[in-house]
Amino acid sequence: MPEGPELHLASRFVSRVCAGVVFSGLVEKSEVSKNSEVPFTCDAYCITATSRGKEVRLTLTPIKEEGEPHGGKACQPMDIVFRFGMSGFFRFTAGSELPKHAHLRFYTNETPRRALSFVDVRRFGSWEPNGDWQTDRGPCVMFEYQTFDKPICEVMLNQKYFNGIGNYLRAEILYRLKISPFMKARTVLHGLLPKKRELLEVKPEQGQCQPLQDSEMSLSKKIKMKMESPDILDLCHSVPMEVINMGGKGYDPEKPDDYSTFQAWLQCYYVPGMKSLRDHNGRTIWFQGDPGPLAPKVSKSPKAKRKGKKQGEDKTDKQQGVKGEPPAKGIKKEKEGAQNKRVKSHSESKKTKENKRKGSRSSEGRKQKSKLEREEDAPGTAVPRSQHQRSMQTKSEKDS
DNA sequence: GTGTCATGCTCGCTGAGCCTGACACT
């Protein structure tokens with residue numbers, strides 16, 4: 001059941017049923033659950049919920065009673081972040097009729113009392129008292145969709161999407177693609193979608209569109225096309241590989257201070273004549289040409305202020321924006337930051353490997369699905385056919 | 001009664017294991 005939409009609906013359910021309801025006392029955990037106790041107790045509190053991706057956050061907020069003495073033992077609000085595993089959900093029932101597998105219970109202060117329960121049949125779900133959204137999760141596909149409206153140069157430094165790309169690589173890649181650094185990431189990535197004519201081939205004799213089979217385009221033709229017009233993903237692979245192939249003459253030269261090979265290879269980053277701007281995260285992006293529609297408003301650099309003009313304002317100036325310092329100096333300056341970046345990349349590579357494994361596992365799972373299931377699984381279908389059939393059968397059996 | 005499968009995630013390794021319930025099959 002629980003994917004993003006289900007978790008969001010669960011948060012709405014909690015907020016709806018708990019609106020105006022006062023909860024009281026301890027938060028009760030089932031004995032069998034291995035999750036941690038929730039160290040929260042309060043005479044009167046309310047519950048609200050929000051969601052982000054596959055997480056739901058319950059906020060327990062104490063209600064201040066009138067006449068409560070100041071300086072008394074006041075309860076503190078608490079956030080509890082839930083992950084639903086394979087079978088988690090919330091139910092609001094009478095306290096005497098707790099659902100089976102209700103592993104965390106919040107009781108109302110009414111008589112008879114009612115209970116909001118976190119129900120989890122398989123116990124793969126978890127909760128984290130005083131928790132927050134997991135930091136290694138990407139943006140919520142439902143409510144942080146606008147993340148992809150950020151400039152491509154900023155998205156490229158997000159290691160969740162481009163694990164391994166740093167400041168010099170993004171500059172080189174965008175330069176080679178002739179892409180404005182402040183173009184919307186969505187626009188650039190949308191360009192990766194196959195064009196209609198590549199996806200569909202009209203067979204006049206049938207009057208139908210058929211998917212173009214891989215085999216219908218020869219491998220050599222594909223390679224030729226790729227070499228002629230590589231896309232951003234191609235370059236995110238090939239450009240770093242070029243650096244690797246420099247051996248000991250790349251960014252971290254084996255000979256101290258011998259940046260000559262690397263400098264000769266750079267086409268944009270710190271190259272005299274190229275422009276540079278600070279992106280919205282304060283990182284300097286090097287580029288050529290128009291910065292793009294989302295470029296930040298340029299504040300006057302001290303030099304420009306003295307000259308009385310904004311960066312990039314003077315169209316006659318071929319070097320719009322901040323001109324680069326001599327390459328070697330700039331490279332050395334960047335090295336510290338790059339080293340930090342490498343440490344971060346290392347810690348994140350673990351996650352990437354996991355994701356790859358998951359991907360391969362899920363594809364295995366798909367292979368195991370029957371042909372019927374594959375054909376009838378519609379995008380967004382919450383219940384797989386096999387399980388859906390089972391539950392429907394169960395229901396009909398019960399009904400009968 | 002047994003085996004398999006299910007929408008997630010972690011550990012520590014490239015799959016196994018955590019869990020329960022429903023269903024198919026013998």
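Order of the sequence lines fixes the chain letters, A, B, ..., with proteins taken first and strands second; residue numbering starts at 1 for each chain. Side chains included, hydrogens not; waters and symmetry mates left out as well; all remaining heavy atoms used.
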A:N35 CG to B:dC9 P, straight-line distance once rounded to whole Å: 13 Å
A:F90 and A:F118 aromatic ring geometry - parallel, tilted or perpendicular at 30°/60° bounds: tilted
Sugar-phosphate, base or nothing in reach of A:E55, heavy atoms under 4.0 Å: nothing
Side chain of A:K54 (C-beta onward), nearest among B:dA6, B:dG21, B:dC9: B:dC9
Euclidean distance, atom CE of residue A:M86 to atom C1' of B:dG17 [Å, nearest integer]: 13 Å
Between B:dG8 (P) and A:F118 (CZ): distance, integer Å: 14 Å
A:F89 CZ - B:dG21 C1' separation (whole Å): 12 Å
Spacing of the C1' atoms in B:dA22 and B:dC11 (rounded, Å): 29 Å
Of the listed nucleotides B:dT20, B:dG8, B:dT10, the one nearest the side chain of A:E3: B:dG8
N/O (side chain, A:K100) to phosphate O (OP1/OP2, B:dG21) under 4.0 Å: yes
Phosphate contact (B:dC9 OP1 or OP2) by A:R122 side-chain N/O below 4.0 Å: no
Integer-rounded Å distance: B:dT10 P and A:R83 CZ: 7 Å
Residue-phosphate contact under 4.0 Å: A:Q134 side-chain N/O, B:dT10 OP1/OP2: yes
Separation of B:dG17 C1' from A:R123 CZ (nearest whole Å): 14 Å
Integer-rounded Å distance: B:dC9 C1' and A:E128 CD: 14 Å
Short side-chain donor-acceptor distance under 3.5 Å, A:S126 and A:N35: no
Under 3.5 Å side-chain donor-acceptor pair for A:D120 and A:S87: yes
Any donor-acceptor N or O pair under 3.5 Å, side chains A:H8, A:S51: yes
Face-to-face contact A:F124 to B:dC9 six-ring, under 5.5 Å, under 30°: no
Nearest-angstrom distance, C1' atom, B:dG17 to B:dC5: 16 Å
Gap between atoms CZ and C1', on A:F84 and B:dG8 respectively (whole Å): 12 Å
Carboxylate-amine/guanidinium proximity below 4.0 Å for A:E6 and A:K54: no
